[in-house]
Amino acid sequence: MGRKARGRSVNESLLRRSFDDPKAFGEFYRAYVERLTVFFARRTLDPETALDLTGETFALALERRRQFRGDSAQEEQGWLFAIARNQLASFWTRGEVEREALRRLGCDPPQSTDADLEWVERVADLPLLRSTVQSALGRLPGDQAYAVAARVVDARPYADLAGELKVSEQVVRARVSRGLRAMAEMLSDPKLEDLT
Amino acid sequence: MSELPPGLDDFGRRLEQAAAREIDERERERERPPRRRWRNLGLPVVAAVLAAAVSAGAVKLVDGGGDPITPESGDDSARLQAPQDSAVIPSSATGDPAGGPPWVVRAYSNTAGNDCVQVGRLRRGVFGQVQGTQFRPLPASAPGTCATAGASGPLVAVRRTAELRTLVFGLAVDRTPVTVSVGDRSQRVRPAGLGAFVAVFEGATPGQPIVVRSAVNGRTVVRRL
């Protein structure tokens, strides 16, 4: 849906048209919301977080749309996902989803109704992806698996983990980093390509 | 794409409403008289400009540079009303073919909310006129030409001076280059701060056709004076 021509080229930028046409922004949203939610869900494995990140990303896109200099659907998609990647990086750094753009727009994030959460699980294939990640985690050396789970899943601070394991923060960081890299390699197995 | 669940579907509608609000607000902002723009410069900036003018004016008076010019009566432009926010726009300075102090625009808003412009010459930070060999400050109460620069086009005024100059000046909201033609001569001027522009032509022959072309919201507006 979304990019089907209704008297216009399928490659026309909806985002550019939305500078002066609010309905075009609605079309832009509907054209990309599923892909964006799947993008976040497969990287956070959490439907609620994925919905929050999707909300803030679209709020930023609305707020900054006049900075978009492209003319095509491909360019607007690249532009939107650049914002998404920044939001994801910020989420990993801060451990929480920003809501500043939503607040400035006076807009609440998408409601996480049961139907929405089930929809995210389904379109992102999360059950299968979770079991795959679980399996990859199980194949890591014990110290890396523990560090990855404690840091990424439980969001524990590095200093806290360093104290518990009686090693330096740097060592904990290295274990998490090595563990994630090894998991990424396992998940890039061609058999799992459709999940990433 | 599959059908959206209720939360995401509703969020899409709320984004569309937020977009509509933002576009409306932007439209309203565009239609507002640009006087707000220099009001937004804030009191410190206007005060600094006035202080510089007053300070330089004091020096000039000591130099024996002449008395301030008395405002003309019977001018057909809108009457000036306490231009508390008047500001000389030095970046609009345009040279005169014979040299001497450059021509600049002074802008203010009257109590009716219209934008007003005056043209004069700038010497040592003082806005005034050259009469004979003397430079005379032009007081804030001198008459200006008032209108609203906005969607219908720029505010444009014409003055023919005793020095045999035709001055076409005003405020162009879009700040895109303005083409001014007087008779068969044309000049392209780039609006400066606040959209102020001045085009200076030699000669002051009444009745010559004057045409001003400018862009407003992407379309060309032609004014014939």
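Naming: A, B, ... by sequence-line order, numbering from 1 per chain.
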| said: Quick check on A:Leu102 against chain B: is it the side chain, the backbone, both or neither that has a heavy atom closer than 4.5 Å? | reply: side chain
| Under a 4.5 Å heavy-atom cutoff, which of A:Asp108, A:Leu117, A:Thr113, A:Thr37 has the most pairs with chain B? | A:Asp108
| remark: Of all heavy-atom pairs linking A:Ser18 and B:Ile23, the shortest is O-CD1, 3.8 Å
| remark: Minimal heavy-atom distance between A:Leu62 and B:Leu15, with the atoms involved, is CD2-O, 3.7 Å
| field | Neighbour count above 12 (heavy atom, 6.0 Å) for B:Arg190 CZ | value | no
| query | Picking from B:Pro6, B:Gly7, B:Pro5, B:Ala19, which has the most non-hydrogen pairs under 4.5 angstrom with chain A? | reply | B:Pro5
| field | A:Arg104/B:Glu22 ion pair, N-O < 4.0 Å | value | no
| query | Side chain, backbone, both or neither: which part of A:Asp21 has a heavy atom under 4.5 Å from chain B? | reply | backbone
| Quick one: does A:Tyr29's side chain get under 4.5 Å of B:Asp9's, heavy atoms only? | no
| task | Look at atom CD of A:Gln111 and say whether more than 12 heavy atoms of other residues, nucleotides or ligands are closer to it than 6.0 Å. | result | no
| field | Heavy-atom contact with chain B under 4.5 Å, split by part of A:Ser112 | value | neither
| task | For B:Arg26 and A:Phe19, indicate whether the former's side chain and the latter's backbone hold a donor-acceptor pair under 3.5 Å. | result | no
| Quick check: does any side chain N or O of B:Asp10 sit under 3.5 Å from a backbone N or O of A:Pro110, one acting as donor and the other as acceptor? | no
| Student check: side-chain heavy atoms of B:Glu16 and A:Glu27 closer than 4.5 Å | no
| request: Taking the side chain as every heavy atom from C-beta outward, state whether B:Phe11 and A:Thr54 have any pair of such atoms under 4.5 Å apart. | output: no
| message | Is B:Arg21 close to chain A through its backbone or its side chain, or both, or neither, when contacts mean heavy atoms under 4.5 Å? | response | side chain
